[in-house]
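Some notes on the structure that comes next.
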2 protein chains.
Amino acid sequence: MKHYSKQREAILDVLRSTDTHPTANWIYEKVREKLPNISLGTVYRNLSTLTADGAILKIEVGDGFEHFDGDISPHLHLYCRECGKIHDQTLKSDYITRVAKESGFKTDTTIYVAYGICTNCNKTIN
Amino acid sequence: MKHYSKQREAILDVLRSTDTHPTANWIYEKVREKLPNISLGTVYRNLSTLTADGAILKIEVGDGFEHFDGDISPHLHLYCRECGKIHDQTLKSDYITRVAKESGFKTDTTIYVAYGICTNCNKTIN
DNA sequence: AATAAAATCAGTAATCATTACTGATTTGTG
DNA sequence: CACAAATCAGTAATGATTACTGATTTTATT
């Protein structure tokens, strides 16, 4: 079993204790509350390692930032063009992996993104 | 009906005449064969406009580049970690839009990405 | 416990894909 | 033909992310 550094543990803790999809900088600010001397480079490096290990997900929605997700279960990311938030929706089955398998592709990670308007913003527009 | 500039038309032509998922720079080089004086900024600006209009798709797989797709039908993008190519797979139904609708989200665009190893690379490894 | 090798770190500098800017050119409208 | 609006080519600026460096911490071995 792999033993993580305290910096990597702290980053994972932050990611797993939020239901948002924070950027590297947001995570950096949050981790600094516990480890004031951690550097932004360390956050980036560990996020990269964790993503490569499959311990977290990297989500890109085209807003110029990388977003990270501590929930690695296959789920739907609803990106609202109005409020800019990424909402989660659980999935009953991993549709992508199942369909990809039909063509012989060996999937290890899946990303589902929907662009549009969320329920809350849909109410308040007009 | 909207009338596109010749630059925008040329960019769309290039995107629709390839089954790859090129970067802005690749498109720039390709369009230059027909419009030698076009600038990279023009390519970026039009790709941005076309994406906002829903005429093309922007796909991000985490390799540091934005990729563009002239095929806007909902389909699966298989990103092979070995060869770095994005393979397409057609979908019978737009699963994301259907599921997102259940929670009241109004979807206009969907992106499906699978990370893993493609059939061809799976053969040649080892 | 001591030592060496390997991994990770903080801090900072560099990168480079993308965006913003500017003055010129083209297009649309009457 | 004006006139305004849109788009352009060319270039400069941006800033999120990555790379680098020497110090510190962890792991492995004896």
Side-chain angles (χ1 to χ4, degrees), chain A residues 1-15 20-53 55-69 79 81 84 86 111 115, chain B residues 1-15 20-53 55-69 79 81 84 86 111 115:
Chain A
M1 191 61 184
K2 205 166 187 178
H3 189 235
Y4 286 169
S5 69
K6 66 180 176 189
Q7 289 88 346
R8 190 171 301 174
E9 293 280 11
I11 290 165
L12 250 184
D13 280 351
V14 164
L15 257 178
T20 65
H21 303 75
T23 63
N25 198 65
W26 188 95
I27 295 166
Y28 169 60
E29 294 294 348
K30 201 78 180 173
V31 171
R32 278 218 290 181
E33 294 171 7
K34 288 212 168 173
L35 303 175
N37 292 327
I38 197 171
S39 76
L40 184 55
T42 296
V43 173
Y44 271 104
R45 181 164 27 77
N46 280 295
L47 288 172
S48 175
T49 303
L50 288 165
T51 303
D53 288 353
I56 63 175
L57 292 182
K58 180 161 77 172
I59 312 290
E60 291 171 277
V61 293
D63 64 350
F65 298 90
E66 295 176 343
H67 295 261
F68 296 90
D69 193 340
Y79 176 67
R81 297 189 190 275
I86 303 172
I111 304 287
Y115 294 81
Chain B
M1 193 56 188
K2 202 166 189 178
H3 189 233
Y4 286 169
S5 69
K6 67 180 176 190
Q7 288 88 349
R8 192 171 300 174
E9 293 280 11
I11 289 165
L12 250 185
D13 279 352
V14 165
L15 257 178
T20 66
H21 303 75
T23 63
N25 198 64
W26 189 93
I27 295 166
Y28 169 59
E29 294 295 348
K30 202 77 180 175
V31 172
R32 279 219 288 182
E33 295 171 7
K34 286 212 170 174
L35 302 175
N37 292 327
I38 197 171
S39 77
L40 184 55
T42 295
V43 173
Y44 270 105
R45 180 164 28 78
N46 281 295
L47 287 172
S48 176
T49 303
L50 289 166
T51 302
D53 288 353
I56 64 175
L57 292 182
K58 180 161 79 172
I59 312 291
E60 292 171 277
V61 294
D63 63 351
F65 298 90
E66 296 175 343
H67 295 261
F68 297 89
D69 193 341
Y79 176 67
R81 297 189 189 277
I86 303 173
I111 304 288
Y115 294 82

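Chain naming here is simple, since letters A, B, ... match the order of the sequence lines and numbering starts at 1 in each.
A close approach under 4.0 Å does occur between a side-chain nitrogen or oxygen of B:T42 and OP1 or OP2 of D:dA9. Within the structure, every side-chain polar atom (N or O) of A:S39 is placed at least 4.0 Å from both OP1 and OP2 of C:dG11. Here B:Q7 reaches the OP1 or OP2 of D:dA9: one of its side-chain N or O atoms lies under 4.0 Å away.
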**OP:** Apply the test side-chain contact (heavy atoms from CB on, under 4.5 Å) to residues B:D69 and B:I56: give CA-CA distance (whole Å), side-chain angles for both, the deciding distance (0.1 Å), then the verdict.
**Re:** CA-CA 6 Å; B:D69 193 341; B:I56 64 175; over 6 Å; no
Original post:
Checking side-chain contact (heavy atoms from CB on, under 4.5 Å) for the pair B:V43/B:I11: CA distance, chi angles, key distance, verdict?
Top reply: CA-CA 7 Å; B:V43 173; B:I11 289 165; 4.3 Å; yes
**OP:** Can you check each nucleotide of nucleotides 15-25 of chain D against protein heavy atoms at under 4.0 Å and return B for base, S for sugar-phosphate only, - for none, in 5' to 3' order?
**Re:** -SBB-------
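Going from atom CZ of A:R8 over to atom P of C:dC9 covers 6 Å, rounded to whole Å. Between B:F68 atom CZ and C:dA17 atom P there is a gap of 13 Å when expressed in whole angstrom units. In this structure, the OH atom of B:Y4 is 18 Å from the C1' atom of C:dT26, given to the nearest Å. When the C1' atom of C:dA10 is taken as reference, atom NZ of A:K6 falls 12 Å away, rounded to whole Å. Whole-Å rounding puts the B:E9 CD to C:dT26 P distance at 18 Å. In this entry the distance linking CD1 of B:I11 with C1' of D:dT7 reads 11 Å, nearest Å. At whole-Å resolution of the value, CD in B:E60 and C1' in C:dA17 are 12 Å apart. Distance CG (B:L47) to P (D:dC8): 11 Å, rounded to an integer number of Å.
Partners of A:T42 according to the side-chain hydrogen bond (donor to acceptor under 3.5 Å, both in side chains) rule, which considers only residues two or more places apart in sequence or in another chain, are A:S39, A:R45. Residues satisfying the side-chain hydrogen bond (donor to acceptor under 3.5 Å, both in side chains) criterion with B:N46, sequence neighbours excluded, are B:R8. Residues passing the salt bridge (charged side-chain N to carboxylate O under 4.0 Å, His left out) test with A:E60: none are found, sequence neighbours excluded.
Using five terminal pairs a side, the axes of the helix from C:dA1-D:dT30 to C:dG30-D:dC1 at its two ends make an angle of 50°, given in steps of 10 degrees.
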For residues 26-38 of chain A, run the donor-acceptor check on the side chains, cut-off 3.5 Å, and write out each pair with its distance to 0.1 Å, sequence neighbours left out.
unit_1	atom_1	unit_2	atom_2	d
A:E29	OE1	A:R32	NH2	3.3

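Of all heavy-atom pairs spanning A:H67 and A:H21, the tightest one is ND1-O, 2.7 Å. Minimum heavy-atom separation, A:Y4 to A:A55: OH-CB, 4.5 Å.
Taken to the nearest 0.5 Å, the OH atom of B:Y115 stands 9.5 Å off from the OG1 atom of A:T51.
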